[in-house]
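Single-structure report; data block below.
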Amino acid sequence: MRNQPPGGGGRSMAPRVLPLPRQHSFCSPVVPNPFVHPGRLSAGAKLRTVLLGIILLPLRIIFITFILLLSWLVASIATYRHHGGGSVPLKGWRRRMVQTSLSCLTRTLFFVMGFQVKVKGKVASLPEAPIFVAAPHSSFFDAIVSALTGMPSIVSRAENLSTPVFGTILSSLQPVAVSRQDPDSRKNTVAEITNRALSGGQWPQILIFPEGTCTNRSCLITFKQGAFIPRVPVQPVLLRYPNKLDTVTWTWQGYSLKELFVMTICQLFTRVEVEFLPVHVPTEEEKKDPVLFANRVRQTMATALNVPVTDHTFEDCRLMISAGQLTLPMEAGLVEFTKISKKLNLKWNHVREQLDTFAAIASASKGGRIGIEEFAEYLKLPISDVLRELFQLFDRNGDGTIDFREYVIGLSILCNPANTEETIQMAFKLFDVDEDGTITENEFACIIQSALGVPELDVSNLFKEIDADETGKLSYDEFKDFALKHPEYAKLFTTYLDLQRYQLGMLEEDDIQPPEAKYTPVGNAVPVSETRPVARNKVCPADNEEDNSGTSDKKDD
């Protein structure tokens, strides 16, 4: 690739090695979207479901209603005149009644619904493992684990406790209640889990689904730390649904809760396998680091399930939903938020704002990806070699498009670090050729043309967008405000500044050449003495040997 210096120098340049080395940790996830289950029933499956449902549905509904009412009665008796509610553990006959009667009724409920349960492994006792961690979490039918583990406490929304019938049954399990209205809810939940896990047997065991949301069982997403902060042994529990027809998977995109429930009880039977792995006792290293503890337990479970692990979290679900609202494909919002946020120090709200910008760029494209044409149109610049370089830096997998994940990483690694106060000041000085404190459209066009290597370029639309007060001149505040809101341009500035430094080095080499070599043009090249170094000398004076390229694109991501 060639870049011309200001004024059109013809000296050939050493090619720059542009794509930066890529960290393997930023590679795309092996499972693009674990939060969807688009499978639909075939015509034959629908017909079979309807025919079986004519007989099974009414009968099973009657039995389910009867068992639920009986469970409500048992739960009401167990909690009758129990003082302290969820803050005081059930003891004596109350706890035994919940553990035996409710456990038996729950098993019967699943049997009536047609579930054939296969259990592997041994359930750990309370002293062996105060906490069960179950995964993958893919359905509300995963509640079968409660019946197999003696009706342990669970983590539940506080609103669920007020639900008729179900609320009473749930209250008898003395769940760890999570309140959405409480800003300290997460901290209080972790504190309560820790208190119960370390109570020495006063509280029952706790069942936690550490993924925190439902997936399609294609992988194990990031485990939340709540089950691992208490630093006590945990027993991993695996869930499998080896059915030819999947009517249980409940994800963010797919069948609704009611649809899945009806389809499932209209099947002759539904298989489920529950496997209890050996108890995982944390090492001293894991006790000091809940994240390490959680990751090792997750890897053990993933190996047993023969599925990969990814860094998706519930925050990815929120971004996925936001992407759908912005008319993007829902999977466009999936960035493996845990990994991205930790490595790049990003907050969810910031990534959500970037999604709005990405949607505005990608609105005209198909598939929720940005091509070089959309990228150039957004920057209001023509497609040039320099712009292609910038595009290639964003395009991490080299497929010729930029998805939202690549866009977030590109802004954070390439543009935002370059978009410093120093870079903006240097760029402003570069544009302000006559040093009057403002930039005219001609000055702006001159440098942009040189930076892009385009001899003729209409920058009026871009100039007008920056010129907020419509004075025909850009002040430093206007220039800075635009640069901060559009960090993509920072790479163009730093690329051009690097080019200026390179040209300075070429000129210094010329100073030690014989005069006849210095001024001998080659082909149609313009002699070096005729190049226009005005802006270059202002920003990078010839007597300044220090290379201030720290704000450029040298960061190894």
Side-chain angles (χ1 to χ4, degrees), residues 23-27 29-31 34 121-137 145 149 152-155 176 184 186-213 215 219-239 275-316 336-347 556-557:
Q23 282 190 7
H24 180 71
S25 59
F26 273 131
C27 292
V30 291
V31 178
K122 179 184 177 183
V123 180
S125 63
L126 176 57
E128 291 175 318
I131 297 177
F132 298 107
V133 287
H137 185 27
V145 177
T149 51
S153 296
I154 61 174
V155 179
V176 178
D184 298 322
R186 180 179 178 183
K187 181 177 67 176
N188 295 337
T189 299
V190 172
E192 182 63 19
I193 292 173
T194 303
N195 176 59
R196 295 190 182 192
L198 300 176
S199 66
Q202 295 184 29
W203 288 92
Q205 290 166 287
I206 305 173
L207 171 63
I208 296 176
F209 293 91
E211 292 176 294
T213 188
T215 69
C219 64
L220 292 184
I221 64 174
T222 301
F223 279 10
K224 295 184 179 296
Q225 301 175 33
F228 308 95
I229 290 177
R231 302 180 295 180
V232 298
V234 301
Q235 182 172 36
V237 184
L238 307 180
L239 284 154
E275 181 177 0
F276 293 89
L277 297 181
V279 173
H280 187 110
V281 180
T283 64
E284 290 301 319
E285 185 183 16
E286 292 169 351
K287 288 180 179 180
K288 296 176 182 178
D289 188 353
V291 175
L292 177 65
F293 188 7
N295 286 339
R296 285 183 176 173
V297 171
R298 179 175 66 148
Q299 189 57 58
T300 298
M301 299 174 74
T303 301
L305 290 164
N306 194 28
V307 298
V309 298
T310 70
D311 289 300
H312 292 103
T313 60
F314 177 66
E315 285 73 19
D316 285 287
E336 287 192 302
F337 183 80
T338 295
K339 178 191 294 185
I340 298 298
S341 61
K342 287 181 179 178
K343 285 184 170 288
L344 304 179
N345 193 28
L346 297 177
K347 302 298 183 183
D556 182 354
D557 64 308

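Throughout, residue positions are numbered sequentially from 1 according to the sequence presented.
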Exercise. State which residues pass salt bridge (Lys or Arg N to Asp or Glu O under 4.0 Å) with Glu315; sequence neighbours excluded, sorted by chain then number.
Key: none
Quiz prompt | Residues which pass salt bridge (Lys or Arg N to Asp or Glu O under 4.0 Å) with Arg196, listed by chain and number, not counting sequence neighbours | solution = Glu192
Practice problem: Output all residues satisfying side-chain contact (heavy atoms from CB on, under 4.5 Å) with Ala191, sequence neighbours left out; order by chain, then residue number. | Solution: none
Quiz prompt | Ile206 CD1 to Ile154 CD1 distance, which is reported to the nearest 0.5 Å | solution = 11.0 Å
Quiz item: At what distance, to the nearest 0.5 angstrom, does CZ of Phe132 lie from CZ of Phe276?
Solution: 6.5 Å
Exercise. May I ask you to test the Ile208-Ile193 pair for a side-chain heavy-atom distance under 4.5 Å?
Key: yes
Quiz prompt | Ile229 CD1 to Lys287 NZ distance, which is reported to the nearest 0.5 Å | solution = 15.5 Å
Self-check item: For Thr283, all residues meeting side chain to side chain donor-acceptor pair (under 3.5 Å), sequence neighbours excluded
Solution: none
Quiz item: Quick one: CE on Met301 to CG on Leu239, what's the gap to the nearest 0.5 Å?
Solution: 8.0 Å
Self-check item: With Lys122 via salt bridge (Lys or Arg N to Asp or Glu O under 4.0 Å) - residues at least two apart
Solution: none
Self-check item: Separation of Ile221 CD1 from Thr310 OG1 (nearest 0.5 Å)
Solution: 6.5 Å
Quiz item: Taking only residues two or more places apart in sequence or in another chain, which ones pass side chain to side chain donor-acceptor pair (under 3.5 Å) with Ser341?
Solution: none
Self-check item: Sequence-distant partners of Glu275, salt bridge (Lys or Arg N to Asp or Glu O under 4.0 Å), two or more places apart
Solution: Arg240
Practice problem: Sort and list the pairs that fulfil ring pair (Phe, Tyr, Trp, His ring centres under 6.0 Å) and have at least one residue in residues 220-239, not counting sequence neighbours. | Solution: Phe228-Phe293
Exercise. Indicate the atoms forming the closest heavy-atom contact of Pro210 with Ala134, along with that distance.
Key: CD-O, 3.3 Å
Quiz item: Do any N or O atoms from the side chain of Asp316 and from the backbone of Thr313 form a donor-acceptor pair under 3.5 angstrom?
Solution: yes
Quiz item: Would you say Val232 and Leu198 make side-chain contact, with heavy atoms under 4.5 Å?
Solution: yes
Quiz prompt | Heavy-atom donor-acceptor pair, Asp311 side chain to Lys339 backbone, under 3.5 Å | solution = no
Practice problem: Specify the closest pair of heavy atoms between Leu305 and Ala135, including all atoms of both residues, with the distance to one decimal. | Solution: CD1-O, 4.3 Å
Self-check item: Main-chain N/O of Val279 paired with Gln235 side-chain donor or acceptor, under 3.5 Å
Solution: no
Quiz item: Does some side-chain heavy atom of Pro204 sit less than 4.5 Å from a side-chain heavy atom of Pro152?
Solution: no
Quiz item: What pairs meet the salt bridge (Lys or Arg N to Asp or Glu O under 4.0 Å) rule with one or both residues in residues 224-235, with sequence neighbours excluded?
Solution: none
Exercise. State which residues pass side chain to side chain donor-acceptor pair (under 3.5 Å) with Asn188; sequence neighbours excluded, sorted by chain then number.
Key: Asp182
Quiz item: Are side-chain heavy atoms of Leu292 and Pro290 found at a separation under 4.5 Å?
Solution: no
Self-check item: Within residues 297-308 or reaching into it, pairs that qualify as side-chain hydrogen bond (donor to acceptor under 3.5 Å, both in side chains) - sequence neighbours excluded
Solution: Gln299-Thr303
Exercise. Specify the closest pair of heavy atoms between Ser125 and Glu128, including all atoms of both residues, with the distance to one decimal.
Key: N-OE1, 2.8 Å
Quiz item: Roughly how far apart are Gln205 CD and Ile131 CD1, rounded to 0.5 Å?
Solution: 10.0 Å
Exercise. Would you name the heavy atoms of Leu126 and Gly201 that are closest together and state the gap between them?
Key: CD2-CA, 3.4 Å
Practice problem: Tell me, please, which residues at least two apart from Gln225 pass side chain to side chain donor-acceptor pair (under 3.5 Å). | Solution: none
